[in-house]
Amino acid sequence: MGEWFDQNIEKVAFRLELRTKTDPGKFAWHGLENDKQHAFTTDPYTGSWRRFGIGFLSLLPIESQL
């Protein structure tokens with residue numbers, strides 16, 4: 001199982017990068033898209049409505065409930 005994980009993690013997961021020089025405080029997601037490396041500047045594979053909903057929920061004071 002560990003060997004499979006090491007061989008396939010790049011195919012099924014994204015690497016998150018905090019950009020400090022080009023866009024301070026912004027994130028980039030690095031992963032494969034059509035078997036090519038790609039850097040996403042927004043949450044990968046989410047639509048604008050889902051990002052809007054996440055942004056709206058971030059306004060609620062529920063952090064202490066997690």
Side-chain angles (χ1 to χ4, degrees):
M1 182 180 262
E3 185 176 320
W4 179 91
F5 180 84
D6 291 339
Q7 292 174 354
N8 293 295
I9 189 66
E10 297 267 330
K11 298 174 187 172
V12 297
F14 291 96
R15 181 176 54 85
L16 187 61
E17 171 194 11
L18 176 61
R19 294 186 171 184
T20 56
K21 294 180 183 174
T22 56
D23 295 322
K26 300 286 182 168
F27 293 103
W29 290 261
H30 298 274
L32 293 177
E33 182 177 47
N34 299 326
D35 294 327
K36 295 179 185 174
Q37 280 290 346
H38 185 72
F40 297 89
T41 55
T42 60
D43 296 339
Y45 306 120
T46 59
S48 56
W49 279 110
R50 178 164 294 223
R51 287 192 301 273
F52 171 77
I54 292 169
F56 177 75
L57 289 175
S58 70
L59 298 174
L60 300 176
I62 60 173
E63 187 77 23
S64 63
Q65 304 298 316
L66 297 176

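Everything quoted here is computed from the prediction, not taken from an experiment.
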Is the F56 ring parallel, tilted or perpendicular to the F52 ring (thresholds 30°, 60°)?
parallel

Under 3.5 Å, is there a donor-acceptor pair between the side chain of R51 and the main chain of T46?
yes

Straight-line distance of F27 CZ to R19 CZ, nearest 0.5 Å
11.5 Å

Can you check side chain to side chain donor-acceptor pair (under 3.5 Å) on Q37 and H30, steps first, answer last?
CA-CA 7 Å; Q37 280 290 346; H30 298 274; 5.5 Å; no

Smallest separation among heavy atoms of P44 and F14, with atom names:
CB-CZ, 3.5 Å

Taking atom CG of L16 and atom CG of D43, what is their separation to the nearest 0.5 Å?
9.5 Å

Hey, any chance Y45 and V12 share a hydrophobic cluster, counting ILVMFWY side chains that come within less than 4.5 Å of each other, even indirectly?
no

Output the distance between atom CG (N8) and atom CD (E3), rounded to the nearest 0.5 Å.
10.0 Å

Does atom CZ (R50) have a neighbourhood of more than 12 heavy atoms from anything else shown, all under 6.0 Å?
no

Give me the atom names and distance for the closest heavy-atom approach of L18 to K26.
CD1-O, 3.5 Å

Test item: K36 and H38 side chains (from C-beta on) under 4.5 Å apart, heavy atoms:
no

I'd like to know whether CD of E33 has more than 12 heavy-atom contacts from other residues, nucleotides or ligands below 6.0 angstrom.
yes

